[in-house]
Amino acid sequence: MQLSDYDEFPATLPIVVEDELFLYPFMISPIFLTDQKDIDAATDAMENNSLLFVTSSIPGKEGSRDFDAMYRVGVVGSIMRKVHIPDGRVKILFQGLARGKILEPAEGDFNRALIDIVKHDGYDQLKVDALMGVLRDKIKILSSLSSHFPADLVRTIEENDEPNRIADLVSSMLKLEKEVAYVLYIEPDIEKRLLGLIDVVTSEIESAKVQREIRTKVHTKIEQTNKEYFLKEQLKEIQHELGMDTQREEEIAAFREKVEALKPHMNEDAFKEISKQLDRLARMHPDSADANVLQSYLEWVLELPFGKLTKKNLSVKEVSKELDKDHYSLEKPKERIVEFFSVRELAELRGIKQKEAGGVILCFAGPPGVGKTSLANSIATALGRPLVRIALGGLEDVNELRGHRRTYVGAMPGRLVQGLIEAKSMDPVIVLDEIDKVGRSMRGDPTAALLEILDPEQNSKYRDYYLNFNIDLSKAIFIATANDVGRIPAPLRDRMEFIGLNSYTPKEKFEIAKRYLIPQELKKHALKRREFSISDKALKILIDEYTREAGVRNLRRRIAGLMRKSARMLLEDSSKTHIAITKKNLEQFTDKKVFEISLVDKKPQVGVVSGLAWTAVGGDVLTIEAIKIKGKGMLQLTGSLGDVMKESVRIAHSVVKILIDEKKLEITPSCIPHTLKEREERISVDPSEVYKRYDLHIHVPEGATPKDGPSAGITMVTAIASILSGRKVDNRVAMTGEVTLTGKVLPIGGLKEKLIAAYKAGVTKALIPQKNYERDLDDIPNEVKKNIKIIGVSNVYDVLKEVFVK
Ligand SMILES: Nc1ncnc2c1ncn2[C@@H]1O[C@H](COP(=O)(O)OP(=O)(O)OP(=O)(O)O)[C@@H](O)[C@H]1O
């Protein structure tokens with residue numbers, strides 16, 4: 001349809017209002033109609049084969065089809081095609097023919113109005129040509145800077161002479177805001193219109209230049225990102241073509257299948273959390289960082305042994321059998337363990353829950369290598385449960401135990417949860433190794449976390465921060481190990497039942513090696529019994545001179561070393577069928593000797609005394625040294641002594657002073673430094689002058705090792721008494737005992753360790769508090785009792801009677 005088909009204007013035409021586009025004559029544009037009034041107007045125009053008037057809505061009034069919401073001047077044109085789209089919209093292809101103007105709205109169900117064609121004013125050709133020249137030049141510049149102006153459009157502008165048409169074309173390409181576009185569109189004076197357009201194009205050029213500058217700056221970066229983006233997209237496309245992206249769907253489906261299978265075994269809380277995270281993963285872009293985090297979360301949680309139990313009933317008989325099978329001696333600890341499990345078995349038989357049965361935790365306490373972990377191992381074997389070992393000593397952060405929240409970079413579940421996963425069962429035996437080392441260098445509050453883990457009231461709802469749901473730990477059996485019970489935080493200590501393990505005597509070590517370590521190591525080294533042997537003498541030397549330890553860990557290593565060498569010799573020389581290690585050739589098989597405990601000095605000395613000490617790694621013999629320097633009765637202490645030990649030296653000093661005052665410790669005049677006058681005039685001096693005129697310096701060697709405790713009391717008394725009285729002390733006598741100001745001797749701890757150490761150091765006589773003598777002597781190995789004369793002492797007089805060389 002042509003405009004000329006309408007010879008009569010003004011004419012009443014249906015009106016369509018366009019909310020987004022601003023149309024110009026001579027443009028062919030698709031228009032989507034959603035408003036019923038627009039659809040009706042277009043339908044009317046099609047049915048009546050009439051022209052259509054299309055105008056834009058006034059900014060801010062989009063959506064309204066009232067007359068005051070639309071611009072008065074628009075485009076008269078015809079509908080080339082009309083299509084109904086399935087979603088209810090109607091699409092028309094509209095060809096603009098002329099500029100039209102609403103003269104007067106008309107009545108009707110849809111918008112109609114009396115429309116007239118807007119005629120252009122006449123113009124000065126010369127001026128307009130000049131303006132058009134300027135506009136064309138500007139457009140050329142703009143097209144070189146911006147992709148909005150394609151080259152063929154520039155050509156059309158060059159070839160066309162109709163200024164209004166060119167103005168329409170340029171306006172349409174500039175994507176002007178509606179208001180600006182409308183002002184230029186309705187301008188009747190073409191000169192003004194062209195000038196307005198030149199202004200707009202000039203400012204467009206400026207902004208295009210700035211944009212270009214910015215773009216060059218960020219160009220390299222964007223280029224790189226774009227390159228990666230496109231490569232990734234291409235890769236995805238290729239994967240899609242090859243059907244490889246179904247892999248992810250399969251992965252999600254596999255996760256879902258697993259979750260469903262585990263659902264009956266997990267609590268509601270867990271199911272909800274896991275399902276939630278799985279749904280999130282399914283919605284995520286597979287390459288996003290979050291997707292990776294969730295993926296590993298799901299991999300972890302679905303490994304948890306939900307609902308898996310070993311199903312074996314507790315049997316004390318088996319526990320006892322296993323303990324005997326793998327351990328020599330240790331009668332008392334074994335007995336205590338069996339008693340502990342008897343209570344549990346009884347409670348189980350009678351249907352009493354662990355909570356009600358008291359639910360205490362076993363703790364094996366003793367020096368390293370004496371079989372704490374190995375006892376726990378036997379318990380696990382007897383109960384048919386897997387063993388999980390959690391080393392608390394190496395932990396730096398309490399969240400390593402409880403899990404890091406998922407938002408933390410590199411987050412993982414806590415060690416306990418990892419342990420359950422490793423054990424593949426919810427009721428393993430969990431060994432909390434070195435519970436006494438907890439909390440000293442850790443971030444967070446490990447005691448609180450451990451209390452929750454160990455408390456049967458709370459551990460059925462144990463929450464790991466990473467999992468973010470509760471799990472039931474109450475089926476697991478916890479066993480703690482510690483070197484020094486005193487260092488376990490008090491609240492934890494209250495929950496535990498301690499089973500003490502002590503250092504082994506050389507004879508015990510010998511038996512353990514013969515019965516257990518050698519056969520076990522033979523197996524590990526693929527050696528047959530007839531291929532390797534070690535004589536008893538050689539084994540004894542190995543124990544005494546090549547290891548220095550409370551337990552047998554290094555001894556095991558030494559034996560393993562012998563076997564490695566033997567295995568090599570057997571392989572290298574096929575004529576050899578047997579390697580025998582004897583006292584003579586032992587040195588060729590092992591490296592340097594380490595003397596276990598240095599032997600005490602056999603030579604009696606003044607001011608040098610052997611004291612017995614207990615440490616977390618076993619007993620020890622400490623030499624205490626005292627010297628006197630002329631002075632004013634001051635006391636100087638060195639050797640990293642703790643406060644309690646310092647106090648006990650002061651007490652000892654006072655006790656000796658009183659002994660001197662009461663003439664219980666003989667001070668010969670030669671011990672006292674006399675003045676010249678006293679010497680010349682032979683003035684007799686009171687014995688008390690000895691402690692007034694001498695400063696004392698007390699030192700405990702191995703100065704870098706911290707020492708504390710009151711049990712060196714009688715040793716200090718001896719050292720001070722010896723130095724002041726000038727009497728020699730028999731160093732083969734060693735002693736331990738706290739001393740009071742009145743000279744009484746109080747009992748001490750760790751007696752067994754101390755006496756074993758004394759025995760190893762070649763001590764012949766040991767002075768111990770009378771109370772310990774009466775109470776603890778049964779625990780001391782016979783081997784020690786046979787070789788050392790043990791004497792109970794109640795006060796310092798008893799001590800001094802025994803120590804000096806006559
Ligand atoms: N009485 C024993 N009978 C047989 N073997 C023993 C005995 N005591 C210890 N062992 C062996 O000594 C080695 C060290 O023991 P274990 O690892 O249990 O020491 P531990 O007390 O747990 O030390 P730590 O405190 O350093 O962990 C083990 O190989 C164990 O088999």
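All ligand and atom numbering here is 1-based and tracks the order in the structure.
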Looking only at protein heavy atoms, what sits closest to atom 11 (C) of ligand 1 is Val552 CG2, 3.7 Å
Any donor-acceptor N/O pair, Lys334 side chain to His327 backbone, under 3.5 Å: yes
- Task: Return yes when Ser329 approaches ligand 1 closer than 4.0 angstrom through a heavy atom, no otherwise.
- Result: no
Quick look: Thr373 vs ligand 1, heavy-atom contacts under 4.0 Å, and the answer is both
Item to complete: Return yes if some donor-acceptor pair links the side-chain N/O of Arg385 with the main-chain N/O of Val429 below 3.5 Å, else return no.
Response: no
Atoms of ligand 1 under 4.0 Å from any heavy atom of Leu330, numbered from 1 in the order shown, are 1 (N)
For Asn483, the atoms of ligand 1 under 4.0 Å from one of its heavy atoms are 25 (O)
If we number the atoms of ligand 1 from 1 as shown, the ones under 4.0 Å from a heavy atom of Ser374 are 18 (O), 30 (C), 31 (O)
If we number the atoms of ligand 1 from 1 as shown, the ones under 4.0 Å from a heavy atom of Asp326 are 3 (N), 4 (C), 5 (N)
With distance as the sole test, does Arg336 use its side chain to make a donor-acceptor pair with the main-chain N or O of Phe498 at under 3.5 Å? yes
Got a donor-acceptor contact below 3.5 angstrom from the Glu738 side chain to the Ile748 backbone?
no
the protein heavy atom lying closest to atom 5 (N) of ligand 1 turns out to be Ile512 CG2, 3.6 Å
Is it true that Glu511 and Lys514 make a salt bridge, defined as a side-chain N closer than 4.0 Å to a carboxylate O? no
**Prompt:** Are any side-chain N or O atoms of Tyr328 and backbone N or O atoms of Glu508, one a donor and one an acceptor, separated by less than 3.5 Å?
**Reply:** no
Ligand 1 to Lys372, heavy atom cutoff 4.0 Å, flagged ligand atoms 18 (O), 19 (O), 20 (P), 21 (O), 22 (O), 23 (O), 24 (P), 25 (O)
- Indicate yes or no: does an N/O atom of Gly371 lie under 3.5 Å from an N/O atom of ligand 1? yes
shortest atom 3 (N) of ligand 1-to-protein heavy-atom contact is with Tyr328 N, 2.9 Å
task: Return yes if some donor-acceptor pair links the side-chain N/O of Asn787 with the main-chain N/O of Tyr759 below 3.5 Å, else return no.
output: no
- Query: Any ion pair linking Glu335 and Lys332 (charged N to carboxylate O, less than 4.0 Å)?
  - Reply: no
the protein heavy atom lying closest to atom 7 (C) of ligand 1 turns out to be Tyr504 OH, 3.5 Å
**Message:** Within the 3.5 Å criterion, strictly below it, is a donor on Gln770 or Glu774 matched to an acceptor on the partner's side chain?
**Reply:** yes
Ranked by distance from atom 13 (C) of ligand 1, the top protein heavy atom is Arg556 NE, 4.2 Å
Nearest heavy atom to atom 24 (P) of ligand 1, choosing from Glu434, Arg553, Gln520, belongs to Arg553
For this session: May I ask you to decide if His699's main-chain N or O and Thr638's side chain share a donor-acceptor pair within less than 3.5 Å?
Result: no
Ligand 1 atoms nearer than 4.0 angstrom to some heavy atom of Tyr516 are 4 (C)
